[in-house]
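Each chain gets a letter, A, B and so on, in the order the sequences are listed, and its residues count up from 1. Owing to the predicted nature of the structure, the values given are computational and were not obtained by experimental measurement.
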2 protein chains.
Amino acid sequence: MFSKSCEYGLRAVIFIAQQSLLDTKVSLTTISEAIDSPQAFTAKILQQLTRNNIVSSIKGPHGGFYIEMEAMKTLNLSAVVKVLDGDDIYTGCGLGLKQCNEDKPCPLHFKFVDIREKLKYMLENTTLIMLANDMELDVFHLKT
Amino acid sequence: MFSKSCEYGLRAVIFIAQQSLLDTKVSLTTISEAIDSPQAFTAKILQQLTRNNIVSSIKGPHGGFYIEMEAMKTLNLSAVVKVLDGDDIYTGCGLGLKQCNEDKPCPLHFKFVDIREKLKYMLENTTLIMLANDMELDVFHLKT
DNA sequence: ATTATAAAGGACAATAATATCTTTTATTAA
DNA sequence: TTAATAAAAGATATTATTGTCCTTTATAAT
């Protein structure tokens, strides 16, 4: 479904969002331990996410990563996925055809339509703050 | 969604199925031209599919690839995907966690459940003969 | 000012996926 | 039985993804 980068990225974002709800900035080390991901690789992913204004960061002592409250309310999973995997998951053809649409469909086109729509709807309607709140319930986990 | 191998494989299978409906065996060259895929790479994929009894093949002059009528009625897209991409698409966690289930779910687990179910249903309930028949309508294409 | 901390950035390494090339085996027809 | 055809198999090459390491920049505290 998603690339490794995107999987780590989503897990990192959810963890950071949860912590930001408590006004806590988190370091790279803390993040990669919390989501059980390779640290240096996670750093690269976080760089992409900060460049694209998904997460914010501050250097130096007491620095770390966090997400603005305003951003948490606005941003959804779709925004994160788009930064890390592009929007192929929405627009791409299931059989890998460059041109595949209602007028010139692949044999699976219409069979994929509502699955893709459902996925799109879910990703676009799940905001980061919703996930951060869910995490407070202590029933969801982000590692192993 | 699927790997390149799986995309090529699905397109090849659909093309072979369509031709088998007309009792025509097709050569590797014909297939890779029909679905616009790299020939040698497609050969490797077809080897996997023959080893796993999705397609049949005969060597030598007038040889080629085909699918038994019985197999076309029995086999579905899920069988093809399983051979080429494994069953990660059904069982795998959206966030890449090794353990993710109802009891110990990732934050997206329940949001993914019905999308995954829909996909699974579609792949399991689309037989090769259905696709072969669809192709006769001349509205679906397999390249570009 | 100096030191410690932590992210950013650049260069490099390992692995997996994609793709090609060559040889071998099976089958058919002349 | 020889030549031609076509898939199977093995070896190798290329590219993308995943992953690590080292240096630089920014910030805070002493």
Think S57(A) has a side-chain N or O under 4.0 angstrom from the OP1 or OP2 of dA8(C)?
-> yes
Closest approach of L49(A) and V13(A), non-hydrogen atoms and distance?
-> CD1-CG2, 3.7 Å
Specify the closest pair of heavy atoms between P107(B) and L131(A), including all atoms of both residues, with the distance to one decimal.
-> O-CD2, 4.1 Å
Apart from Y66(A) itself, members of its ILVMFWY cluster (side-chain separation under 4.5 Å) are I58(A)
Side-chain polar contacts of residues 135-142 of chain B - donor-acceptor pairs under 3.5 angstrom, sequence neighbours left out - could you list them?
from	atom 1	to	atom 2	distance (Å)
H141(B)	ND1	K143(B)	O	2.9
H141(B)	NE2	Q99(A)	O	3.3
H141(B)	NE2	K104(A)	O	2.8

In chain order, what residues pass the salt bridge (charged side-chain N to carboxylate O under 4.0 Å, His left out) check against D87(A), with sequence neighbours excluded?
-> none
Please collect all side-chain hydrogen bond (donor to acceptor under 3.5 Å, both in side chains) contacts where either partner lies in residues 107-124 of chain B, sequence neighbours excluded, each pair once.
-> none
When every nucleotide of nucleotides 11-22 of chain C is labelled 5' to 3' by its protein contacts under 4.0 Å (heavy atoms), B for base, S for sugar-phosphate only, - for none, what sequence of letters results?
-> B------SBB--
Would you say the side chains of S37(A) and S32(A) form a donor-acceptor pair under 3.5 Å?
-> no
List every contact pair, protein side and nucleotides 2-5 of chain C side both N or O, where the distance is under 3.5 Å.
from	atom 1	to	atom 2	distance (Å)
dT5(C)	O2	P61(A)	N	3.4

Under 3.5 Å, is there a donor-acceptor pair between the D85(A) and S3(A) side chains?
-> yes
Go through the structure and list residues passing salt bridge (charged side-chain N to carboxylate O under 4.0 Å, His left out) with D88(B), not counting sequence neighbours.
-> none
Got a list of side-chain donor-acceptor pairs under 3.5 Å for residues 15-22 of chain B, not counting sequence neighbours?
from	atom 1	to	atom 2	distance (Å)
S20(B)	OG	I16(B)	O	3.0
S20(B)	OG	I67(B)	N	2.9

Would F2(A) and M1(B) show up in the same hydrophobic cluster when neighbours are defined by side-chain heavy atoms closer than 4.5 Å?
-> yes
Is V55(B) touching bases, backbone alone, or none of the nucleic acid, heavy atoms closer than 4.0 Å?
-> nothing
Give the first and the last nucleotide of DNA chain D, reading 5' to 3', that has any atom under 4.0 Å from a heavy atom of chain A.
-> dT18(D) to dA29(D)
Can you tell me the distance, in whole Å, between the CG atom of L46(A) and the P atom of dG9(C)?
-> 13 Å
Taken in chain and number order and not counting sequence neighbours, the residues that satisfy salt bridge (charged side-chain N to carboxylate O under 4.0 Å, His left out) with K4(B) are E7(B)
List for me each residue that meets salt bridge (charged side-chain N to carboxylate O under 4.0 Å, His left out) alongside K59(B), sequence neighbours excluded, and say none if there are none.
-> none
Residues within residues 9-23 of chain B bordering DNA chain C, heavy-atom distance below 4.0 Å | none
Over how many whole Å does the gap from R51(B) atom CZ to dT25(C) atom P extend?
-> 16 Å
